[in-house]
Amino acid sequence: IIMLAQPLAIIGGVAALWLFGQTLNIYSMIGLVLLVGLVAKNSILLIDLTNQLRARGRSIDEALTEACPVRMRPVLMTSMTIILAMLPAAIGVGAGSDTNGPLAVAVIGGMVSSTLLTLVVVPAVYSLVEHRMAVGRHSCRPVPAGMLLSPLWVGIHADGCLRERQNPLVGRHSCRRVPAGVPQSP
């Protein structure tokens, strides 16, 4: 999920080069490599706080709703700092602006596009992926009739799922749907 912002940044950097009539040369490619690290930092800031909130017991949506506004300020501050620092080279002011111009344009274009899209796309994809994984973790399968008396099964949940002892090879509990008519334990 963190690496999802990388293509958004590269597209923005290449589009800015094309828009301002710069070439894709070694300096602009260095700018694109620089951009990959800068953009990953923004995604890490957002996802890290979201994961911390989820570890404290918040749901996926609650964690994202709380983490996005909290991390928007640091993401915008670092992005604006980079954009403003590269602006003189992109405009063509100062020594070496001819060679550093493509680097600056690529970084500015990539930071603008990735910052805007990171604040929208990364949380949306995080939500979709985590909800999909949560559904997969809690899916239940039918229990074969002979398995109900097996010592592998620990108890029946209120939702009708039978919990199996933790499998050391898989490392997680599995659930199976209990046939109708079997008494349920809490």
Side-chain angles (χ1 to χ4, degrees), residues 1-138 171-172:
I1 296 172
I2 290 172
M3 300 303 284
L4 181 70
Q6 308 304 336
L8 305 174
I10 299 298
I11 290 169
V14 172
L17 288 171
W18 176 76
L19 188 66
F20 289 101
Q22 300 284 344
T23 61
L24 188 64
N25 56 30
I26 191 71
Y27 292 105
S28 59
M29 287 183 203
I30 290 171
L32 293 175
V33 170
L34 173 70
L35 195 57
V36 168
L38 296 171
V39 170
K41 173 199 57 65
N42 288 343
S43 295
I44 290 170
L45 281 172
L46 183 61
I47 298 301
D48 181 50
L49 181 60
T50 305
N51 287 338
Q52 287 176 12
L53 293 171
R54 295 232 9 245
R56 292 182 198 154
R58 300 233 172 67
S59 71
I60 297 166
D61 296 329
E62 289 172 348
L64 282 171
T65 303
E66 187 174 336
C68 289
V70 169
R71 289 300 189 211
M72 185 172 74
R73 182 175 171 223
V75 166
L76 289 176
M77 286 174 60
T78 55
S79 297
M80 288 305 297
T81 302
I82 293 164
I83 290 169
L84 293 174
M86 294 286 183
L87 201 56
I91 293 172
V93 177
S97 62
D98 292 338
T99 55
N100 290 334
L103 181 143
V105 168
V107 170
I108 290 173
M111 285 305 292
V112 168
S113 69
S114 71
T115 300
L116 297 175
L117 294 174
T118 296
L119 293 172
V120 175
V121 174
V122 170
V125 172
Y126 182 88
S127 177
L128 289 172
V129 168
E130 289 297 318
H131 280 294
R132 172 71 76 182
M133 288 175 56
V135 167
R137 281 192 293 260
H138 300 295
R172 60 187 165 118

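One-based numbering along the sequence shown. Computed over heavy atoms, backbone and side chain alike; hydrogens, waters and symmetry mates excluded. As the structure is a computational prediction, the values presented were derived from the model and not from experiment.
Distance alone, capped at 3.5 Å, is enough to place a donor-acceptor pair between the T81 side chain and the M77 backbone.
R71 CZ to T118 OG1: the interatomic distance, rounded to the nearest 0.5 Å, is 14.5 Å. For the atom pair CG of L64 and CD1 of I60, the computed distance is 8.0 Å after rounding to the nearest 0.5 Å. With rounding to the nearest 0.5 Å, the separation of OG in S43 from CG in D48 is 12.0 Å. A distance of 4.5 Å separates CG of L34 from CG of L38, quoted to the nearest 0.5 Å. Distance CG/D61 to NE2/H131: 3.5 Å, rounded to 0.5 Å. Here the CG atom belonging to L87 is positioned 9.0 Å from the CE atom belonging to M80, to the nearest 0.5 angstrom.
Within 6.0 Å of the OH atom in Y126, the count of heavy atoms belonging to other residues, nucleotides or ligands exceeds 12.
For the side-chain contact (heavy atoms from CB on, under 4.5 Å) with I83, the qualifying choice from T78, V107, V112 is V112, the only one to do so.
Every side-chain hydrogen bond (donor to acceptor under 3.5 Å, both in side chains) that S28 has, sequence neighbours left out, goes to N25.
The shortest distance between side-chain heavy atoms of V33 and M29 does not fall below 4.5 Å. Using a 4.5 Å heavy-atom cutoff, the side chains of M111 and N42 are in contact. Residues S113 and I11 are not in side-chain contact: their nearest non-hydrogen atoms beyond the backbone lie 4.5 Å or more apart. Looking at V75 and L46, their side chains never come closer than 4.5 Å, going by heavy atoms from C-beta outward. By the 4.5 Å heavy-atom criterion applied to side chains, V120 and L116 are not counted as neighbours. Inter-residue side-chain proximity for L17 and T23 is flagged as unmet; no heavy-atom pair is nearer than 4.5 Å. Residues I10 and V36 meet the side-chain proximity criterion, which asks for heavy atoms closer than 4.5 Å. Between L32 and L24 the shortest side-chain heavy-atom distance falls below 4.5 Å.
Here the closest non-hydrogen pair linking A106 and L35 is O-CD2, 3.8 Å. Among all heavy-atom pairs drawn from M86 and A104, the shortest one is O-CB, 3.4 Å. Nearest heavy atoms, V39 versus S114: CG2-OG, 3.2 Å.
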Criterion salt bridge (Lys or Arg N to Asp or Glu O under 4.0 Å) on R54 and E62, from CA distance to verdict: CA-CA 8 Å; R54 295 232 9 245; E62 289 172 348; over 6 Å; no
